[in-house]
Amino acid sequence: MTGRHMQIGEVAERVGLSIRTIRHYEEVGLVPPSSRSDGGFRLYTEPDLARLAVVKRMKPLGFTLDEMRDLLTVLDGLADGRTPDTERAALRERLATFQTAAQTRVRALREQLATAEGFARQMQDQIDRHST
């Protein structure tokens with residue numbers, strides 16, 4: 001594997017995930033490290049960081065670990081130049097399904113945020129009304 005290898009602490013800092021979370025993603029088979037040092041330390045590459053970033057973006061949208069794994073498999077298949085055209089078409093369809101699901105979940109979060117902001121404004125109005 002070419003490219004610079006990073007230990008888990010640097011990866012955690014760069015991606016914005018805890019070391020514990022990164023280890024969990026390894027344990028469940030989402031993002032294993034590219035290699036290990038002679039001392040057994042996990043070593044990650046830039047593509048590993050990109051995979052972790054995808055998982056990190058999926059988490060707040062409520063995607064399951066299986067869905068995350070599925071999307072990573074889709075992305076791997078599309079990135080692999082040896083994937084046959086017929087399979088690539090199916091992968092693109094699956095990718096479009098993820099994009100649609102993400103949009104739907106983003107809309108739902110926006111609605112929740114609007115409700116929460118309305119409540120915060122209502123509480124501020126109450127504070128203003130009952131001050132002085």
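Any value given below was found using the heavy atoms of this structure, including those in side chains, with hydrogens, waters and symmetry copies removed.
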Pairwise salt bridge (charged side-chain N to carboxylate O under 4.0 Å, His left out) hits with a residue in residues 53-69, at least two apart: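 Output for this query lists Asp66-Arg69, Glu67-Arg105.
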Side chain to side chain contact (heavy atoms under 4.5 Å, CB included) between Leu49 and Met6, intermediate numbers included: CA-CA 10 Å; Leu49 269 69; Met6 296 161 273; 3.5 Å; yes
Any donor-acceptor N/O pair, Thr83 side chain to Leu78 backbone, under 3.5 Å: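 Not at all, since once roles are kept as given, no pair shorter than 3.5 Å links the two residues.
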N/O donor-acceptor pair under 3.5 Å between Asp80 side chain and Gly77 backbone: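 It does not hold such a pair.
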Quick check: closest heavy atoms across [X] and [Y], and the distance to 0.1 Å?
| X | Y | result |
| --- | --- | --- |
| Ile22 | Tyr44 | CG2-OH, 3.4 Å |
| Tyr25 | Leu17 | CE1-CD1, 4.2 Å |
| Ala53 | Val15 | N-CG1, 4.3 Å |
| Asp76 | Arg51 | OD1-NH1, 2.7 Å |
| Pro32 | Glu26 | CA-CG, 4.1 Å |

NZ/NE/NH1/NH2 to OD/OE distance under 4.0 Å, Arg82 and Glu87: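 A salt bridge is absent here (no side-chain N lies under 4.0 Å from a carboxylate O).
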Salt bridge present between Glu93 and Arg88 (N-O < 4.0 angstrom):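 No salt bridge links Glu93 with Arg88.
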Criterion side chain to side chain contact (heavy atoms under 4.5 Å, CB included) on Leu109 and Gln112, from CA distance to verdict: CA-CA 5 Å; Leu109 284 173; Gln112 288 178 341; 3.4 Å; yes
Test item: side-chain donor near acceptor, Asp48 and Thr45, under 3.5 Å: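 Yes.
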Polar side chain donor-acceptor pair, Ser18 to Thr21, under 3.5 angstrom: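 Yes, because at least one side-chain N or O of Ser18 sits under 3.5 Å from a partner of the opposite role on Thr21.
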I'd like to check [X] versus [Y] (side-chain heavy atoms, cut-off strictly below 4.5 Å). Are they in contact?
| X | Y | answer |
| --- | --- | --- |
| Arg4 | Glu10 | yes |
| Arg129 | Gln126 | yes |
| Val55 | Phe63 | no |

Same apolar cluster (I L V M F W Y, side chains within < 4.5 Å links), Val106/Val54: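 In one cluster: yes.
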Joint hydrophobic cluster, Val11 plus Leu43, side-chain heavy atoms closer than 4.5 Å: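 Different clusters: Val11 never reaches Leu43 through Ile, Leu, Val, Met, Phe, Trp or Tyr contacts under 4.5 Å.
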Glu13 atom CD, neighbour heavy-atom count above 12 within 6.0 Å: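 Check fails, neighbour count at 12 or below.
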CD on Gln7 to OG on Ser37, rounded to 0.5 Å: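 These two atoms lie 6.5 Å from each other.
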Criterion side chain to side chain contact (heavy atoms under 4.5 Å, CB included) on Leu71 and Leu95, from CA distance to verdict: CA-CA 7 Å; Leu71 178 59; Leu95 183 60; 3.7 Å; yes
